[in-house]
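See below for the structure under consideration.
Index from 1, following the sequence. None of the values given here were measured: they were computed from a predicted structure.
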Amino acid sequence: YYAGLAEMASGTLRDIRDALNPLLVQVDRLRRQASEAGGAEEYKDRLDVMDAQVRQIRTILAEQERFRWAERPTETLPLDALLRESTDLVPDRLLQVMDVEIHFDPAQTPTVQGCRILLLQVVAGLFTNAAEAILRAGHERGRLQITVDSEWTGGREMVHLKFADNGDGIEPDRLTAIFERASLTQRPSRDLVRLGLHWCAEALVGMSGRIYAESDGKGRGACFHVLLPAGAPIPG
């Protein structure tokens with residue numbers, strides 16, 4: 001139990017650090033431009049972005065503190081907003097290495113049932129994982145395609161998200177191992193990535209969802225499948 005709490009804390013701290021990186025970049029740009037031009041009105045857009053990022057960090061901390069000893073609350077969440085807000089947790093340097101394509105009918109935006117703050121961190125982790133795979137593959141600019149379907153599993157409607165990248169791929173014998181808890185005695189970078197995927201898997205299982213991966217092998221990209229309970233339609 002306590003090992004699980006420690007792992008969650010580790011994942012949360014990593015996500016907070018990643019969320020702070022783009023904020024610090026914005027602050028640095030603002031500082032340099034203010035010293036050159038003077039005045040503040042022209043910097044309103046950047047300040048708005050910074051404010052949104054700070055609020056996201058505060059939400060992560062507040063949720064972890066409030067619910068660390070209790071069952072996570074679930075709610076119905078529109079998928080388009082969830083995907084969009086997740087990018088706020090991903091460093092700009094990683095978003096800039098890939099083109100993100102999202103394929104679903106915006107007129108029929110699906111909803112999912114889950115804990116908002118955990119799902120934001122899970123999706124942000126998958127964005128980060130794809131970008132790092134693209135960098136390892138040596139692509140100047142890669143691609144992440146997100147498609148959304150629905151299916152029935154165990155008598156329940158599930159939303160099926162597919163995150164397909166053209167990164168360095170995964171060996172067939174590691175498709176399940178990447179979701180295992182990393183050894184505490186081994187800390188190369190790939191084990192830190194594996195720890196993140198293990199945390200994502202545990203979080204999704206706690207919301208009656210699951211995750212699995214497919215790949216044709218090294219150098220051939222990978223696809224991460226996320227299944228979540230479908231939420232009720234949000235009145236328009």
Side-chain angles (χ1 to χ4, degrees), residues 7-8 10-22 25 56 79-80 82-104 112 118-149 159-183 186-205 209-228:
E7 184 176 2
M8 180 180 294
S10 175
T12 300
L13 289 174
R14 184 181 62 251
D15 290 336
I16 292 174
R17 179 204 63 201
D18 290 343
L20 280 172
N21 286 338
V25 170
Q56 188 65 62
L79 194 57
D80 58 343
L82 186 69
L83 293 172
R84 184 175 62 253
E85 292 175 26
S86 295
T87 61
D88 291 338
L89 300 177
V90 183
D92 285 343
R93 65 176 181 84
L94 294 180
L95 289 176
Q96 291 169 1
V97 306
M98 60 186 177
D99 294 315
V100 179
E101 304 172 7
I102 302 176
H103 301 282
F104 62 84
V112 295
L118 289 185
L119 285 179
L120 285 174
Q121 293 177 78
V122 167
V123 175
L126 292 174
F127 275 108
T128 299
N129 186 71
E132 291 176 343
I134 288 167
L135 288 173
R136 289 194 298 270
H139 297 312
E140 183 175 340
R141 190 168 183 85
R143 181 184 69 255
L144 173 63
Q145 292 183 317
I146 303 173
T147 57
V148 182
D149 296 306
V159 174
H160 188 166
L161 294 90
K162 301 175 185 177
F163 296 79
D165 65 67
N166 62 339
D168 65 340
I170 307 168
E171 298 98 334
D173 61 351
R174 285 184 49 79
L175 288 173
T176 56
I178 59 174
F179 297 105
E180 296 174 357
R181 177 179 289 121
S183 170
Q186 298 177 347
R187 297 190 182 277
S189 60
R190 63 177 177 274
D191 281 335
L192 294 178
V193 172
R194 187 197 307 170
L195 179 61
L197 291 175
H198 172 74
W199 185 89
C200 288
E202 292 285 357
L204 289 168
V205 168
R210 67 186 182 97
I211 184 173
Y212 63 93
E214 292 180 334
S215 176
D216 291 330
K218 292 297 291 183
R220 306 187 68 177
C223 181
F224 285 82
H225 299 255
V226 173
L227 286 91
L228 285 164

Can you tell me which residue among Leu126, Asp165, Val226, Val100 is in a side-chain contact (heavy atoms from CB on, under 4.5 Å) with Ile146?
Val100
With side chains defined as the heavy atoms from C-beta onward, is the minimum distance between [X] and [Y] less than 4.5 Å?
{"X": "Glu214", "Y": "Leu175", "value": "no"}
{"X": "Val123", "Y": "Thr87", "value": "no"}
{"X": "Leu161", "Y": "Leu79", "value": "yes"}
{"X": "Trp199", "Y": "Val122", "value": "yes"}
{"X": "Tyr212", "Y": "Leu227", "value": "yes"}

Out of curiosity, [X] [atom1] to [Y] [atom2], how far, rounded to the nearest 0.5 Å?
{"X": "Thr128", "Y": "Gln121", "atom1": "OG1", "atom2": "CD", "value": "11.5 Å"}
{"X": "Leu204", "Y": "Leu119", "atom1": "CG", "atom2": "CG", "value": "7.0 Å"}
{"X": "Ile102", "Y": "Arg84", "atom1": "CD1", "atom2": "CZ", "value": "9.0 Å"}
{"X": "Glu101", "Y": "Arg143", "atom1": "CD", "atom2": "CZ", "value": "6.5 Å"}
{"X": "His198", "Y": "Ile211", "atom1": "NE2", "atom2": "CD1", "value": "12.5 Å"}
{"X": "Glu180", "Y": "Leu197", "atom1": "CD", "atom2": "CG", "value": "11.5 Å"}

Compare every heavy atom of [Y] with every heavy atom of [X], then report the nearest pair and how far apart it is.
{"X": "Phe127", "Y": "Leu83", "answer": "CE1-O, 4.1 Å"}
{"X": "Cys223", "Y": "Lys162", "answer": "SG-CB, 3.8 Å"}
{"X": "Ala124", "Y": "Ser86", "answer": "CB-O, 3.6 Å"}
{"X": "Leu94", "Y": "Ala131", "answer": "O-CB, 3.6 Å"}
{"X": "Ala222", "Y": "Ile170", "answer": "CB-CD1, 3.9 Å"}
{"X": "Ile178", "Y": "Phe224", "answer": "CD1-CE2, 3.8 Å"}

By ring pair (Phe, Tyr, Trp, His ring centres under 6.0 Å), which residues pair with His160, not counting sequence neighbours?
His225
Would you confirm whether Arg141, through its side chain, and Gln96, through its main-chain N or O, come within 3.5 Å as a donor-acceptor pair?
yes
